[in-house]
K.L.:
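Have a look at this one before I ask anything.
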Amino acid sequence: MNKSIFKSVSLASAAALMASALIIMPEESFEASVRGLDIWLEIVFPSLLPFLIISEMLIAFGVVKFLGVFFEPFMRPLFRVPGAGGFVWAMGLASGNPSGAKLTVRLRQDGQLTRVEAERLVSFTSSSNPLFIFGAVSVGFFLNPELGILLALSHYASNIGVGLIMRFYGRKEEKKQFGEQGENKSFSIVKALKVMHRTRLNDKRPFGKILGDAVNSSVQTLLMIGGFIIIFSVINKVLFHLHITAFAASLFSSVFGFLNLPQSLSIPFITGLFEMTLGSQLTSQVENVTLMQQAIITSSLLAFSGFSIQAQVASILAETDIRFQPFFFARLIQTILSGVITWLLFNPVYMGLRDQRQNSNVEETFAAGQGTAGDVLSFFTDNGPVITLLTLTAYCAYLLYTHKQAYQK
């Protein structure tokens, strides 16, 4: 009872403190809110929406179950998850957070995953997409496309490492429920096609209904994500002006000293624990530190994902019985793994690439890569708001139509 009362008082006090801070600092709060809205409006919504819609349709048409049969011999021995997890992994890598959690929940709701399998899967399918790593971080913040290769290698290698570690999670619980299974299903194209065909037939919805439901579900998820981005942008700003960020950074000073990292990186690190985009940007602006030290901090922040994304994942997972604690534990593991991998690969990968830039062909390749990443990022920045507003307009029209149809019935 005392623990419950303490939790209630703590939550109420935190909410009251935030409300007071918003009243005392309206201008700073508004600026932070606008910044969060810009990120969602220009980048997050238009870049994630197509992936979410297509993913929902692939699930409805049975393509995911087809891929599940195909990937079963690979995913089951390595990560102890069904083959359908390969689809979630690929889509999560391509579209970024929190797509992995959204698709994991979808498969859990369809009965394609047990709870333990879903908790394993969501732990290593949470990642930043290549556009963010190469376009926003390496080119946009550091003006250094070679750094993007190092960050991407560290990020996705640590994802795999987390998956290999989390395969041992929940084994006792699985034994109690199912016993030792140990089968290794082989791939059969005929079986995969039959499974896909049966799944499509079992879904009685017409194509228009499937498409409408996909858009509806995707937009609702993105609206929720937008709210989290805005509120955590405001929280980050408020904590900074209340000097809570500086206080937390001082607590990490001894840890940074032990790791031979300068204390000037502690504030960007604490900021990035809440919102990794801002933390990465602040890290790139710190002077009198080495690029290796900046890369280690940035890589760790990308792996941790920030409390903003973790809150989004927690909200998505709450739709099912999937527990959040294993996901958070996996983020801590990946934070350490990613930082260590970045430290190990900095000289052989990054410095090796820098040395090779003396070759004109390599320089042209990197220049082209930088131009491509910059062009894609510029496209979303310029056209993202238009895409978002048009989609929201279509979504509102769809809601009005469905409500009208329901009323007529």
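These numbers were taken from a predicted model, which means no experiment stands behind them.
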K.L.:
For the atom pair CG (Leu282) and CG (Leu265), what is the distance rounded to the nearest 0.5 Å?
P.N.:
10.5 Å

K.L.:
Does the side chain of Phe256 reach to within under 4.5 Å of the side chain of Ser253, using non-hydrogen atoms?
P.N.:
no

K.L.:
Apply side-chain contact (heavy atoms from CB on, under 4.5 Å) to residues Thr245 and Phe274 and explain how you reach the verdict.
P.N.:
CA-CA 10 Å; Thr245 302; Phe274 286 88; 5.9 Å; no

K.L.:
Run the side chain to side chain donor-acceptor pair (under 3.5 Å) check on Lys102 and Ser218 step by step: do they pass?
P.N.:
CA-CA 9 Å; Lys102 173 68 175 176; Ser218 301; over 6 Å; no

K.L.:
Please check if atom CZ in Phe324 has more than 12 non-hydrogen atoms from other residues, nucleotides or ligands closer than 6.0 Å.
P.N.:
yes

K.L.:
Suppose we screen for side-chain hydrogen bond (donor to acceptor under 3.5 Å, both in side chains). Which residues come up paired with Asn236, at least two apart in sequence or across chains?
P.N.:
none

K.L.:
Hey, mind stepping through His243 and Phe247 against side-chain contact (heavy atoms from CB on, under 4.5 Å) and telling me if it holds?
P.N.:
CA-CA 6 Å; His243 304 291; Phe247 174 74; over 6 Å; no

K.L.:
Do we get Arg323 above Phe327's six-membered ring, with its NZ or CZ under 6.0 Å from the centre and within 45° of the axis?
P.N.:
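Not satisfied by the 6.0 Å and 45° rule.
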
K.L.:
Side chains of Thr298 and Phe141: does their closest heavy-atom pair fall under 4.5 Å?
P.N.:
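No. Closest side-chain heavy atoms not under 4.5 Å.
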
K.L.:
Is it the case that the side chain of Thr199 and the backbone of Val195 share a donor-acceptor pair, with hydrogens and angles ignored and the cut-off at 3.5 Å?
P.N.:
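Such a contact is found between Thr199 side chain and Val195 backbone.
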
K.L.:
Show the nearest heavy-atom pair for residues Leu52 and Ser99, with the distance to one decimal.
P.N.:
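Looking at all heavy atoms of both residues, the closest pair is CD2-OG, 4.0 Å.
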
K.L.:
Tell me, do Ile225 and Pro98 make a side-chain contact under 4.5 Å, heavy atoms counted?
P.N.:
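Contact flag for Ile225/Pro98 side chains = yes.
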
K.L.:
May I ask you to decide whether Arg76 forms a salt bridge with Glu117, counting only side-chain N to carboxylate O separations under 4.0 Å?
P.N.:
yes

K.L.:
Is the Phe328 ring parallel, tilted or perpendicular to the Phe307 ring (thresholds 30°, 60°)?
P.N.:
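The arrangement is parallel - the two ring planes meet at less than 30°.
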
K.L.:
Quick check: do Pro82 and Glu72 have side-chain heavy atoms less than 4.5 Å from each other?
P.N.:
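When only atoms from C-beta onward are counted, Glu72 and Pro82 do touch, with a gap below 4.5 Å.
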
K.L.:
Distance check, rounded to the nearest 0.5 Å: Phe132 atom CZ versus Leu151 atom CG?
P.N.:
10.0 Å

K.L.:
Show every side-chain hydrogen bond (donor to acceptor under 3.5 Å, both in side chains) that has at least one partner inside residues 127-143, sequence neighbours left out.
P.N.:
none

K.L.:
Can you tell me how far OG of Ser126 sits from CG of Asn159, rounded to the nearest 0.5 angstrom?
P.N.:
7.0 Å

K.L.:
Using modelled atom types only, decide if a donor and an acceptor are shared between the side chain of Gln294 and the backbone of Thr283 within a distance under 3.5 Å.
P.N.:
yes

K.L.:
Nearest 0.5 Å, please: how far is OG in Ser300 from CZ in Arg331?
P.N.:
12.5 Å

K.L.:
Taking atom CG as the centre, does Asn260 end up with more than 12 heavy-atom neighbours from other residues, nucleotides or ligands that are less than 6.0 angstrom away?
P.N.:
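Open.
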
K.L.:
How close do Val122 and Leu317 get, heavy atom to heavy atom, and via which atoms?
P.N.:
CG2-CD2, 4.2 Å

K.L.:
Might you point out which heavy atoms bring Ser305 and Asn97 nearest each other, and give the distance in Å?
P.N.:
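Of all heavy-atom pairs spanning Ser305 and Asn97, the closest is OG-ND2, 3.8 Å.
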
K.L.:
For Arg200 and Phe61, which heavy atoms make the closest approach, and how far apart are they?
P.N.:
CB-O, 3.9 Å

K.L.:
Less than 4.5 Å apart, any side-chain heavy atom of Phe329 and any of Ser123?
P.N.:
no

K.L.:
Taking all non-hydrogen atoms of both residues, which atom of Phe124 and which atom of Val81 are closest, and how far apart?
P.N.:
CZ-CG2, 4.4 Å

K.L.:
Identify the two heavy atoms, one from Val63 and one from Met196, that lie closest to each other, and give their separation to 0.1 Å.
P.N.:
N-CG, 4.0 Å

K.L.:
Please step through side-chain contact (heavy atoms from CB on, under 4.5 Å) for the pair Ile316 and Met224, ending with a clear verdict.
P.N.:
CA-CA 9 Å; Ile316 293 172; Met224 178 270 295; 3.5 Å; yes

K.L.:
Once you round to the nearest 0.5 Å, how far does CZ of Arg120 lie from CZ of Phe168?
P.N.:
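Those atoms lie 10.0 Å apart.
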
K.L.:
Please verify the inter-ring angle class for Phe74 with Trp89; under 30° counts as parallel, over 60° as perpendicular, anything in between as tilted.
P.N.:
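Rings of Phe74 and Trp89: parallel, as their planes differ by under 30°.
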
K.L.:
Is any side-chain heavy atom of Trp40 closer than 4.5 Å to a side-chain heavy atom of Leu223?
P.N.:
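Trp40 reaches Leu223 side chain to side chain.
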
K.L.:
Check the pair Arg35, Thr277 against side-chain contact (heavy atoms from CB on, under 4.5 Å), reporting the backbone distance first and the verdict last.
P.N.:
CA-CA 11 Å; Arg35 177 187 173 277; Thr277 305; 4.2 Å; yes

K.L.:
Give a yes or no on whether the backbone of Arg205 and the side-chain of Asp203 come within a donor-acceptor separation of less than 3.5 Å.
P.N.:
yes

K.L.:
If you round to the nearest 0.5 Å, how far is OH of Tyr156 from CG of Leu302?
P.N.:
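Leu302 atom CG to Tyr156 atom OH measures 9.0 Å (nearest 0.5 Å).
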
K.L.:
If only atom types and distance count, is the side chain of Arg167 paired as donor or acceptor with the main-chain N or O of Pro77 below 3.5 Å?
P.N.:
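Side chain of Arg167 to backbone of Pro77: a pair is present.
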
K.L.:
Could you walk me through whether Ser299 and Ser338 pass the side chain to side chain donor-acceptor pair (under 3.5 Å) test, one step at a time?
P.N.:
CA-CA 6 Å; Ser299 181; Ser338 189; 2.4 Å; yes

K.L.:
Do Leu147 and Leu150 come within less than 4.5 Å of each other through their side chains, counting heavy atoms only?
P.N.:
yes

K.L.:
Name the one of Arg106, Lys65, Gln109 that satisfies side chain to side chain contact (heavy atoms under 4.5 Å, CB included) with Ile59?
P.N.:
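Running side chain to side chain contact (heavy atoms under 4.5 Å, CB included) over Arg106, Lys65, Gln109 with Ile59 returns exactly one hit, Arg106.
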
K.L.:
Check for a donor-acceptor pair, side chain of Ser284 on one end and backbone N or O of Gln281 on the other, with a separation under 3.5 Å.
P.N.:
yes

K.L.:
In the structure I gave you, are the side-chain heavy atoms of Ile297 and Val289 within less than 4.5 Å of one another anywhere?
P.N.:
no

K.L.:
Kindly determine whether Ser158 and Gln334 satisfy side chain to side chain donor-acceptor pair (under 3.5 Å), including the steps that lead there.
P.N.:
CA-CA 6 Å; Ser158 61; Gln334 189 179 354; 3.1 Å; yes

